[in-house]
Amino acid sequence: MTSLFALVDCNNFYASCERVFQPQLNGKPIVVLSNNDGCVIARSNEAKACGIQMGAPLFEIKDAIAFHGIHVFSSNYELYGDMSRRVVLVLSEYSPHVEVYSIDESFLDLGNFLDVDIEKYARAIWERVPRATGIPVAVGVARTKTLAKLANRVAKKSKKANGMLVLTDPKHIEAALKATEIGDVWGIGRRYARKLSQFGVNTAYDLTRQTDSFIKKHLTILGLRTVKELRGEPCLDLETMPPAKQNICTSRSFGEALTELSDIEEALSTHAVRCAFKLRKQKSCAMAFTVFLETSRFGQDSQMYFNSRTVRLDSPSSSELVILPAALEALRVIFREGFRYKKTGVIVSGICPANQVQQSLFEPDTRQRDSNLMKTLDGLRERYGFKSVFYGVQGTSGKWQMQNSNLSPCYTTKLKDLLKAN
DNA sequence: TCTGGGGTCCTAGGACCC
DNA sequence: TCTGGGGTCCTAGGACCC
């Protein structure tokens, strides 16, 4: 029995989502910006052709935007999240085992599809997803996940493949490995790419020719796994049930620099509430959390400051009534007058399943009461949005709120949007 | 003036224990 | 004077992913 994986990757996903609802932008250059309209996180092919780089700060490309008439969007994660669900729904028609790897990528298990012409099958997926959702995709198929990733890349780049490639023939695999730069291999980042090139290892093919001990020494056992996968030996399984997260971080940069503690408290309390909500959503409790506060990391004139404080809880909790006041207390400890702050956030850690939590002996049992209240609050939030109920400390000044001046409407989830406005 | 927000895992080294 | 060896836990730092 041989394994077979397909990697389906949405092309320029965020840009494609925007285009589904503004088809007049087909063929036009589009970029989508990060939170706070900071830098470019998605580009249509036309924008790439204009020379816009991934991660480019908006202020650096203002001229290019004007010159080429590039359409600019703030990121709209509600829209992208909903489009992503639609794509996954279509994919699940093609395999009983789908791993949603990220918002725009899924692995499909095509092993045991014995009587199926895989070439035809992959092409069917490639055609069907855009027809059903409006989102164009690339499909790469191979014996290991890492090779499927590589096949997907080649499928996108090669004119001949035109967005779909089944990479199982050894001769084709070798050619693909030779055509793939080391830094484009899944699992090899910038640092490793630089290090490897010093040893004369420049392509994925070069990498497969190294000894295991060399790889393990310089790239740890994770790198060795990558190399084995490139050689065709499956080391990674499909993960259809994502494990509960071990850390959950909620943070945002402020729309503008803040100096007042009370403004920062509004932001942090909002993040703390959201973070506790995420924790409850995955049915977990946390043993500890960290609050951090920082100035801009880029400022030259103003002084930089970063500080964090970790708080251990007496017993694991997911209650806002526990986390929120303690988070604010931690913030007041690390806050210093006289800095221009740019970001704050909270990270919960030491996560365990909620049903395994033991009551602390010396604590009054407020757990049940809290849990009932949280259930009620979460119900309201899911139905009417996060603005429907909030604590006084979260405030209404919203001075910390992000900039998103080019936000598109939530086309697919509008009802929720309307309810939120009330 | 303006530079995102999430996550994962591994390794090395120190503290501490028997 | 001799002053081993093995284990666990924790943390910081460094790498990676989207």
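All values reported here derive from a predicted model rather than from experimental measurement. Below, read A as the first sequence line, B as the second, and so on, with proteins coming before strands; counting in each chain starts at 1.
Considering CD1 of I334(A) and CD1 of I264(A), their distance stands at 9.5 Å, rounded to 0.5 Å.
Among the protein residues, K195(A) comes within range of no part of the nucleic acid, since none of its heavy atoms lies under 4.0 Å from any strand. Residue contacts shown for R312(A) are limited to sugar-phosphate atoms, with no base heavy atom under 4.0 Å away. Within the nucleic acid shown, V40(A) has no heavy atom closer than 4.0 Å to any nucleic acid atom. Contacts of D104(A) with the nucleic acid, taken as non-hydrogen atoms under 4.0 Å apart, involve only primed sugar atoms and P, OP1 or OP2.
Distances from the side chain of Y77(A) to the nucleotides dT3(B), dG5(B), dG4(B) place dG4(B) closest. In the set dC16(C), dC18(C), dG4(B), the nucleotide with an atom closest to the side chain of R191(A) is dC16(C).
Within the 6.0 Å centre-distance limit, the rings of Y101(A) and W186(A) are counted as a close aromatic pair.
Under a cutoff of 6.0 Å and an axis angle of 45°, R143(A) and F5(A) do not form a cation-pi pair. Relative to the six-membered ring of F254(A), K342(A) misses at least one condition, a distance below 6.0 Å or an angle of at most 45° to the axis.
In this structure, the CZ atom of R297(A) is 14 Å from the P atom of dC2(B), given to the nearest Å. Rounding to whole angstrom units, NZ of residue K343(A) and C1' of dG4(B) are separated by 7 Å.
dG4(B) sits 15 Å from dC17(C) when the C1' atoms are compared, rounded to a whole Å.
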What pattern of brackets, bars and dots sums up DNA chain B from 5' to 3', given Watson-Crick or G-U wobble pairs under 3.5 Å, [ ] for crossing pairs and | for another strand?
-> ....||||||||||||||
Distances under 3.5 Å only, N/O to N/O: pair up the protein atoms with those of nucleotides 6-13 of chain B.
residue	atom	partner	partner atom	Å
dG6(B)	OP1	C249(A)	O	3.4
dG6(B)	OP2	S251(A)	N	2.2
dG6(B)	OP2	S251(A)	O	2.1
dG6(B)	OP2	S251(A)	OG	3.4
dG6(B)	OP2	R252(A)	NH1	2.8
dG6(B)	O5'	C249(A)	O	3.4
dG7(B)	OP2	C249(A)	N	2.4
dG7(B)	OP2	C249(A)	O	3.4
dT8(B)	OP1	Q246(A)	N	2.9
dT8(B)	OP2	N247(A)	ND2	3.2
dC9(B)	OP2	Q246(A)	NE2	3.3

Given Q403(A) and S405(A), is the side chain to side chain donor-acceptor pair (under 3.5 Å) satisfied, shown in steps?
-> CA-CA 6 Å; Q403(A) 294 174 26; S405(A) 45; over 6 Å; no
